[in-house]
2 protein chains.
Amino acid sequence: MVKPVVVRNLHGQVVQELGRLIVSGEIAPGVNLPREELLAEHMKVSRTALREAMKVLSAKGLIESRQKTGTRVRDTVHWSQLDADVLAWRCASMPTDDFVEKLAEMREIIEPAAAAAAARRRTADQLGRIEAAYEAMAASTDREEWSVADLAFHEAVLHATHNELMISLFSVIETALGSYLALSARKASDFKYSLPHHKKVLDAIRRRQPEVAREAMHKMVADSRSNIRRHAKKA
Amino acid sequence: MVKPVVVRNLHGQVVQELGRLIVSGEIAPGVNLPREELLAEHMKVSRTALREAMKVLSAKGLIESRQKTGTRVRDTVHWSQLDADVLAWRCASMPTDDFVEKLAEMREIIEPAAAAAAARRRTADQLGRIEAAYEAMAASTDREEWSVADLAFHEAVLHATHNELMISLFSVIETALGSYLALSARKASDFKYSLPHHKKVLDAIRRRQPEVAREAMHKMVADSRSNIRRHAKKA
DNA sequence: CGGGCATTATTTGTACTACATAATATTACA
DNA sequence: TGTAATATTATGTAGTACAAATAATGCCCG
């Protein structure tokens, strides 16, 4: 489910390495990085590759370079918190319940609103995709199959909103939550427990009932969230 | 209100130029860019500067480079739609009512939820900041003053949610809406017309009444949205 | 002795060259 | 004709040289 983000470029590796160090707090905001020449030498790459990486991190708002002053880590308020990489680094370094809560909160805001919008604007074709995903969920025989279909269901709903900003936001939140979502699927025996919830959402979207869809989706994600919370508490 | 995003670096200029061309659709997804050497020559910059820019655009998901194949513009589904630059380029090139609607929809989803969260979790200090912003709005004597205080109000509410993802999302949406928000402030004579709305939100947050705050904020942004829509229709 | 101004030193910014690597296109050979 | 070796060509990486900006220094003069 979680794609390993394979990087073939050298500068990409440097981006990952430095990005992780910064987001994890190992290099705190305000401190200066070693100058390019030294840092390049230390990381065993050319200054060229290092600089290409720095431009990327700079674009994400993590660092700021000025002549003579050097390159320093910017305060967290300037970071592109919704950037896929930044989010991934946070998840990798700070898997605190606190942060998962924040992600789940975002999801709980977005998804009900998306369901309502989908009920209002969905086309016949888009409804078809949601139905297909639902059928796949109903027909699944193990957790793996179910997870894939579940994801397809939510994606189909998002697409039916006709708002690419919402789609983008969800996909970012979703990948960040990633493995944690697996926690919301209870024990292996009743992995289909939330199927009725999905049915209600589907029906509401089919009948073009925005408020019903919103409410049904809200129940669903709130339920999923409390499950995650329960699991988190145990660990 | 809208900051002009001044870029001192050469590669930054190239990023802006190419980014705008791509997002506006003048360079369509799927087509290959000229090879680095030619493009650098055409843009009157060194290949170094061009490449640093390409890495940034690549990080935003706009382009994809592979050896021998060349560099091609990726499909829109891969773009970081929530990236501040990408959003700014879209606003600059495609100021269609359609897109403004999508931004406004996002705002209408986020802000009420934020108000509710703020009512639940605000500290005394954060309440103080919201109150201060409200006082500044009440005391304002022209539209300019009012706009600044208004923005401060919404930011203060967002900060009281204790969720930096929400703060980040709002700030991106907000800057993108930018000038359009000015449209929601009616004619110069009654620029304070929404002050009572703000009062209700403030009171609800003070009294820690999430649902009341949500409802009040919802009324406010829905109102603002319909104003924007009305103006858009006229133009 | 202290303040303002010119100088210097240092760090990033830009340019250019050279070569490595990967992926495609071509050609030679079976 | 099919396959494998080879050539071609684009990006990837390295390294050098110099430009530009600015913090830090030190000098001069009041």
Side-chain angles (χ1 to χ4, degrees), chain A residues 4-19 21-22 27-75 78-79 85, chain B residues 4-19 21-22 27-75 78-79 85:
Chain A
V5 188
V6 63
V7 179
R8 52 175 142 255
N9 299 331
L10 222 197
H11 86 266
Q13 295 174 30
V14 177
V15 167
Q16 293 294 320
E17 194 168 338
L18 287 179
L21 284 173
I22 293 172
I27 307 178
V31 311
N32 271 278
L33 271 62
R35 40 182 256 258
E36 293 179 347
E37 203 178 351
L38 296 179
L39 189 55
E41 187 186 10
H42 179 67
M43 300 186 80
K44 307 281 181 64
V45 298
S46 70
R47 201 184 146 204
T48 309
L50 175 66
R51 279 182 57 83
E52 288 178 356
M54 303 245 276
K55 295 306 165 239
V56 173
L57 294 174
S58 178
K60 294 183 192 299
L62 297 188
I63 61 178
E64 188 180 31
S65 297
R66 291 178 64 180
Q67 286 175 184
K68 171 69 183 179
T69 310
T71 302
R72 71 173 46 191
V73 178
R74 299 183 75 185
D75 190 82
H78 296 108
W79 296 1
D85 287 326
Chain B
V5 189
V6 62
V7 180
R8 52 173 145 255
N9 298 332
L10 187 55
H11 86 267
Q13 295 174 31
V14 177
V15 167
Q16 294 294 319
E17 194 168 340
L18 287 178
L21 284 172
I22 293 171
I27 308 178
V31 313
N32 271 277
L33 272 62
R35 40 181 256 258
E36 291 179 350
E37 205 177 349
L38 296 180
L39 189 54
E41 187 185 10
H42 179 66
M43 301 186 80
K44 308 282 183 64
V45 298
S46 70
R47 200 184 146 205
T48 310
L50 176 66
R51 279 181 58 82
E52 288 178 355
M54 303 244 278
K55 296 302 166 244
V56 172
L57 294 174
S58 179
K60 294 183 191 300
L62 297 187
I63 61 177
E64 188 179 32
S65 298
R66 292 177 63 178
Q67 286 176 186
K68 172 68 184 177
T69 311
T71 302
R72 72 173 45 192
V73 177
R74 299 183 73 184
D75 189 82
H78 296 108
W79 296 1
D85 287 326

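Order of the sequence lines sets the chain letters (A, B, ...), proteins ahead of strands, with each chain counted from 1.
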Whole-Å gap separating [atom2] ([N]) and [atom1] ([X]):
| X | N | atom1 | atom2 | value |
| --- | --- | --- | --- | --- |
| A:L39 | C:dT12 | CG | P | 9 Å |
| B:L10 | D:dA21 | CG | P | 12 Å |
| A:R35 | C:dA9 | CZ | P | 15 Å |
| A:E52 | D:dT11 | CD | C1' | 10 Å |
| A:H11 | C:dA20 | NE2 | P | 22 Å |
| A:R66 | D:dA23 | CZ | P | 6 Å |
| B:R72 | D:dA10 | CZ | P | 14 Å |
| B:E37 | C:dT17 | CD | P | 10 Å |

How far apart are the closest heavy atoms of [X] and [Y], and which atoms are they?
| X | Y | value |
| --- | --- | --- |
| A:W79 | A:P29 | CZ2-CG, 4.5 Å |
| B:L50 | B:E36 | CD2-O, 3.4 Å |
| B:A49 | B:H11 | O-CB, 3.6 Å |
| A:V15 | A:V56 | CG2-CB, 3.9 Å |
| B:A53 | B:V14 | CB-CG1, 3.5 Å |

Side-chain donor/acceptor of B:Q67 to base of C:dT21, under 3.5 Å: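 Such a pair exists between side chain and base.
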
Side-chain donor/acceptor contact of A:R47 with base of C:dG13 under 3.5 Å: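 Flag set: donor-acceptor pair detected.
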
First of A:K44 and A:K68 reached from the 5' end of DNA chain D, by closest nucleotide: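 Comparing both residues, the 5'-ward one is A:K44.
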
Of A:S46 and B:M54, the one whose closest DNA chain D nucleotide lies more 5':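 The answer here is B:M54.
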
Presence of A:K55 side-chain N/O under 4.0 Å of C:dG13 phosphate oxygens OP1/OP2: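 The answer is yes; a side-chain N or O of A:K55 sits under 4.0 Å from OP1 or OP2.
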
Short side-chain N/O contact to C:dT12 OP1/OP2 from A:R51, under 4.0 Å: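 It does not, given that no N or O in the side chain of A:R51 lies less than 4.0 Å from OP1 or OP2 of C:dT12.
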
Contact nearer the 5' end of DNA chain C, comparing A:R8 with B:V45: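 On the 5' side of the pair lies B:V45.
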
Shortest side-chain distance from B:T48, nucleotide among D:dA14, D:dT11, C:dC16: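 Looking only at side-chain atoms, B:T48 lies closest to C:dC16.
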
Selected nucleotide, minimal atom distance to B:E36 side chain, candidates C:dA23, D:dG12, C:dG13: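 Shortest atom-to-atom distance from the side chain points to D:dG12.
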
